[in-house]
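Each remark here refers to the structure printed beneath this line.
Whatever order the structure lists ligands and atoms in, that order sets their numbers, starting from 1.
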Amino acid sequence: MLRFETAGESHGECLVATLTGLPAGVPVSLPAVDRELWRRQQGFGRGGRMKIETDRAHIVSGVRHSRTIGSPIAILLENKDWKNWTEALPVEDIDGGEDKKKPVTRPRPGHADLAGSIKYNFHDARYILERASARETTARVAVGALAKAYLAEFGIGVLSHVIQVGEAKLGRLASWQELVALSGRDEVLLGCVDAEAEQRMKAVVDHAYKTGDTVGGVFEVVAHGVPVGLGSHITWDSRLDGKLAQAIVSMQAVKGVEVGFAAEGSASFGSKVQDTIHYDKQGRHFTRGANRAGGLEGGMTNGQDILVRGMLKPISTLRKPLESVDLATREPALAAYERSDVAVVPAAGVIGEAMVALVLAGAMIEKFGGDSLSEAKRNYAGYLEQVRDF
Ligand code: EPS
């Protein structure tokens with residue numbers, strides 16, 4: 001079973017990720033992992049923190065001579081900002097350190113601040129926001145890059161693009177080739193495949209900057225080259241669409257998820273929504289009239305591209321803060337503000353890729369097993385033969 005965990009606070013010394021269950025022999029390229037970390041840091045709308053951090057993966061176990069060895073993989077990711085927080089967030093309590101703390105007593109509407117403070121019984125939301133922060137997603141992207149390396153061995157790719165920022169929409173489908181080209185760009189504006197739509201999206205972020213506001217949007221993750229039959233219809237918790245939905249909604253600021261064209265489909269008739277079934281006699285395989293199901297039927301992959309979208313609410317830290325209440329005085333007060341991002345949809349797309357890659361790698365490992373990559377590949381080839389001969 002593939003499992004991962006992350007630890008670390010936003011302004012602590014470092015983030016940590018562990019990944020257990022990847023077979024031995026998966027090639028690991030550090031530059032490829034760092035490239036994913038770089039992609040997560042990009043996009044118009046990011047705040048001052050991204051100028052401080054240059055994320056790099058420091059793999060300390062589980063990989064030797066550029067290949068996994070089957071043992072748990074541990075990755076450290078340094079927080080460069082930590083040097084500015086050693087007195088505010090020391091591990092050991094320092095005598096007289098009280099005035100060095102940077103308490104947050106005015107919870108931000110929409111953030112974990114208030115619910116977390118009440119639940120964990122802190123009168124300082126600092127201890128909550130440090131972990132609730134999307135800084136944690138750096139660790140997810142690092143392990144996600146390893147899941148991607150595993151999937152690539154089976155010809156499966158996972159990429160993303162931004163389809164909406166505020167009310168500005170892409171309004172058309174994107175091809176896999178367009179997503180490949182997008183992921184190779186060395187300058188990222190808003191992660192949209194269409195230059196005209198991207199400019200409309202930029203205007204929305206410009207407006208948010210000017211008005212001290214923030215803005216959300218929608219990203220789409222596409223998994224390409226996926227075999228038929230991952231996940232299962234037999235129990236609620238083996239349905240792959242359910243697992244993908246949980247993975248996406250677990251991301252900070254994501255409030256909604258859509259598999260395929262769910263919203264559009266729910267407003268249409270069945271005759272317009274289902275992907276018709278056809279058969280290519282020469283190629284001896286089934287084909288489909290469209291991919292509105294987003295590659296999943298009955299909780300199983302159907303061999304078409306997986307399409308999963310994440311709907312991101314606007315970031316809850318506002319330069320023009322909203323009404324709140326001071327935890328100490330219980331008097332009305334404006335919510336806390338230090339600095340923040342204005343829009344993070346392209347970064348969220350990259351994090352979504354990592355989450356989808358981890359879920360798919362988990363489903364592949366569950367189905368094809370293998371302690372080594374070569375064993376897994378043999379099992380996979382046997383299954384593909386069965387599918388071909390069906
Ligand atoms: C975040 C607040 C900001 C973001 C942060 C998420 O950090 P800071 O409080 O240090 O300015 O930049 O995102 C990251 C640090 C990151 O790496 O994505 C929050 O409160 O969620």
**Message:** Any atom of ligand 1 sitting under 4.0 Å from a heavy atom of Met50?
**Reply:** yes
**Prompt:** Would Gln41 count as a contact of ligand 1 if the rule is a heavy atom under 4.0 Å away?
**Reply:** no
**Stepwise salt bridge (charged side-chain N to carboxylate O under 4.0 Å, His left out) check, Arg172 with Asp194** = CA-CA 9 Å; Arg172 69 166 175 87; Asp194 186 288; 3.3 Å; yes
**Message:** What I want to check is whether the side chains of Thr137 and Arg40 have a donor and an acceptor closer together than 3.5 Å.
**Reply:** yes
**Fill in**
shortest atom 21 (O) of ligand 1-to-protein heavy-atom contact is with Ala134 N, 3.1 Å
**Distance-only donor-acceptor check, side chains Ser10 and Glu130, under 3.5 Å** = no
**Prompt:** Any N/O of Thr317 closer than 3.5 Å to an N/O of ligand 1?
**Reply:** no
**Arg378 side chain to Ser372 side chain, donor-acceptor N/O pair below 3.5 angstrom** = no
**Prompt:** Is there a heavy atom of Arg339 sitting under 4.0 angstrom from any atom of ligand 1?
**Reply:** yes
**Protein heavy-atom partner closest to atom 15 (C) of ligand 1 - residue, atom, separation in Å** = Arg135 CD, 3.3 Å
**Complete:** Taking every heavy atom of Leu77 against every heavy atom of Ala142, the minimum-distance pair comes out as CD1-CB, 4.1 Å
**Asked** Under the 3.5 angstrom rule, does the side chain of Gln164 hit a backbone N or O of Ala168 as a donor-acceptor pair?
**Response** no
**Heavy-atom nearest option to atom 1 (C) of ligand 1, drawn from Ala253, Ala348, Ser133** = Ser133
**Request:** Determine, using heavy atoms of Ser340 and all atoms of ligand 1, whether some pair is separated by less than 4.0 Å.
**Result:** no
